[in-house]
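A quick write-up on the structure given underneath.
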Amino acid sequence: MAKFRQVSHVIFDMDGVILDTEPLYTKAVQNVLNKYNRTFTWEVKAGMMGLHRFEASKYIVNKLNLPITWEEYDTEIHKEYQVVLANPTVFPGTQKLIRHLSKHNIPISVATSSSLESFELKSAQHKDLFKLFDHIVCGSSDPDVKQGKPAPDIFLVSAARFPDKPNPEKCLVLEDSPNGVQAAISAGMQVIMVPDENIPMELREAASFVVSSVDETPLEKFGLPPL
């Protein structure tokens, strides 16, 4: 028990934690890459998880040596996202945890690398759930988030926007990607990881705790009311 610090606030990543969007992202990217006879492998995907929108576009163009500029790719994938990401489902376990924390008046926020436009597209069918959060930080369009994950900016900004501005060590982060886990650690926060099954064990070791579903988070170990 001594290895875990007591926390008072919880910060959620969105894609792969709240919304089951990762398969949809894969579908959208592959739809674009089909035009250039490229394959969106897990290795490529893992390297871009958690990146800002433009950083992700630059990464994939360079990694796969696409015969277009990153700006052209970004335009193409943005159009594809509008179609594919319009109505993702919420993970049942995450919804359960969000409602539980809200019921117990635990301050909660979302810290997503998505832009505000992308967030609004993906969350449009789930507005009642997202209203439970104290605030939403959209890293790709928020001027206060200077660097994307694995830099700590987005989590530090999210902590600072709670009315009581908690010390980062009082925040618990829920993440799915290695970049996100590193960002949380760099921010001085503990982090629960809910990894994709393809993420190798060595990329899970830095997390404070690893779960297969968000509602398996051992809340009591962090001083939070148990589910």
Side-chain angles (χ1 to χ4, degrees), residues 1-18 49-52 55 93-116 119 123 129-195 203-211 213-227:
M1 292 290 286
K3 64 180 285 194
F4 300 109
R5 299 191 305 270
Q6 305 290 283
V7 302
S8 53
H9 297 63
V10 181
I11 303 175
F12 289 74
D13 177 39
M14 184 172 69
D15 293 300
V17 175
I18 301 175
M49 289 175 72
L51 297 182
H52 275 194
E55 292 171 348
T94 308
Q95 179 160 202
K96 180 180 177 182
L97 181 60
I98 291 168
R99 295 192 182 281
H100 170 76
L101 294 174
S102 178
K103 177 183 175 182
H104 286 84
N105 298 312
I106 304 299
I108 54 178
S109 71
V110 173
T112 173
S113 297
S114 299
S115 65
L116 179 59
F119 166 77
S123 65
L129 182 67
F130 282 95
K131 284 179 181 176
L132 299 177
F133 290 96
D134 291 66
H135 60 267
I136 313 290
V137 178
C138 296
S140 288
S141 56
D142 194 307
D144 291 336
V145 181
K146 306 300 183 185
Q147 297 184 78
K149 303 170 186 178
D153 302 33
I154 193 168
F155 293 125
L156 294 174
V157 168
S158 190
R161 289 186 183 166
F162 285 111
D164 55 346
K165 301 187 186 316
N167 187 296
E169 69 178 19
K170 288 293 186 180
C171 297
L172 178 66
V173 172
L174 291 155
E175 261 287 354
D176 67 318
S177 73
N179 281 335
V181 168
Q182 185 55 57
I185 292 170
S186 296
M189 301 175 182
Q190 295 173 101
V191 55
I192 301 294
M193 187 181 196
V194 52
L203 294 181
R204 309 178 185 201
E205 293 172 354
S208 307
F209 204 87
V210 178
V211 296
S213 177
V214 169
D215 59 336
E216 296 173 0
T217 300
L219 298 174
E220 62 280 2
K221 292 183 182 292
F222 300 92
L224 297 170
L227 270 169

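Here the closest heavy-atom approach between residue Leu116 and residue Cys138 is recorded as N-CB, 3.6 Å. Closest approach of Ala159 and Cys171 over heavy atoms only: CB-SG, 3.9 Å. Here the closest non-hydrogen pair linking Ala184 and Val191 is CB-CB, 3.8 Å. Residues Ala111 and Ile11 come closest through the heavy atom pair CB-CG2, 3.7 Å.
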Evaluation steps, side-chain contact (heavy atoms from CB on, under 4.5 Å), between Leu97 and Leu174: CA-CA 11 Å; Leu97 181 60; Leu174 291 155; 3.9 Å; yes
Chi angles and distances behind the side-chain contact (heavy atoms from CB on, under 4.5 Å) call for Val137, Ser109: CA-CA 8 Å; Val137 178; Ser109 71; over 6 Å; no
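Under the salt bridge (Lys or Arg N to Asp or Glu O under 4.0 Å) criterion, the residue pairs touching residues 158-184 are Asp142-Arg161, Asp144-Arg161, Lys149-Glu175, with sequence neighbours excluded. Here ring-ring contact (aromatic ring centres under 6.0 Å, His included) pairs that include residues 151-182, with residues two or more places apart or in two chains, are His9-Phe162, His135-Phe162.
The distance from the CD atom of Gln95 to the CG atom of Leu132 is 9.0 Å, given to the nearest 0.5 Å. Note that the OG1 atom of Thr217 and the CG atom of Leu172 stand 7.0 Å from one another [nearest 0.5 Å]. Going from atom CZ of Arg99 over to atom CG of Asp215 covers 14.0 Å, rounded to the nearest 0.5 Å. Interatomic distance, CG of Leu227 versus NE2 of His104, reported as 9.0 Å (0.5 Å rounding). The distance from atom CD1 of Ile136 to atom CZ of Phe119, rounded to the nearest 0.5 Å, is 4.0 Å. Atom OG of Ser140 and atom CD1 of Ile154 lie 8.0 Å apart (nearest 0.5 Å).
For the side chain to side chain donor-acceptor pair (under 3.5 Å) test, no residue two or more places apart in sequence or in another chain qualifies with Asn179. Partners of Glu55 according to the side chain to side chain contact (heavy atoms under 4.5 Å, CB included) rule, which considers only residues two or more places apart in sequence or in another chain, are Leu51, His52. Checked against side chain to side chain donor-acceptor pair (under 3.5 Å), Asp134 has no partners two or more places apart in sequence or in another chain. Ala206 is linked by a side chain to side chain contact (heavy atoms under 4.5 Å, CB included) to Val181, Ile185, counting only residues two or more places apart in sequence or in another chain.
For the side chain to side chain contact (heavy atoms under 4.5 Å, CB included) with Ser208, the qualifying choice from Met193, Gln190, Lys3 is Gln190, the only one to do so.
A donor-acceptor pair under 3.5 Å links the side-chain atoms of Ser186 to the main chain of Gln182, judged by distance alone. The main-chain N or O of Glu216 is never found under 3.5 Å from a side-chain atom of Ser213 such that the two would form a donor-acceptor pair.
Between Phe222 and Phe209, the distance separating the two ring centers is not shorter than 6.0 angstrom.
Looking at Asp13 and Val173, their side chains never come closer than 4.5 Å, going by heavy atoms from C-beta outward.
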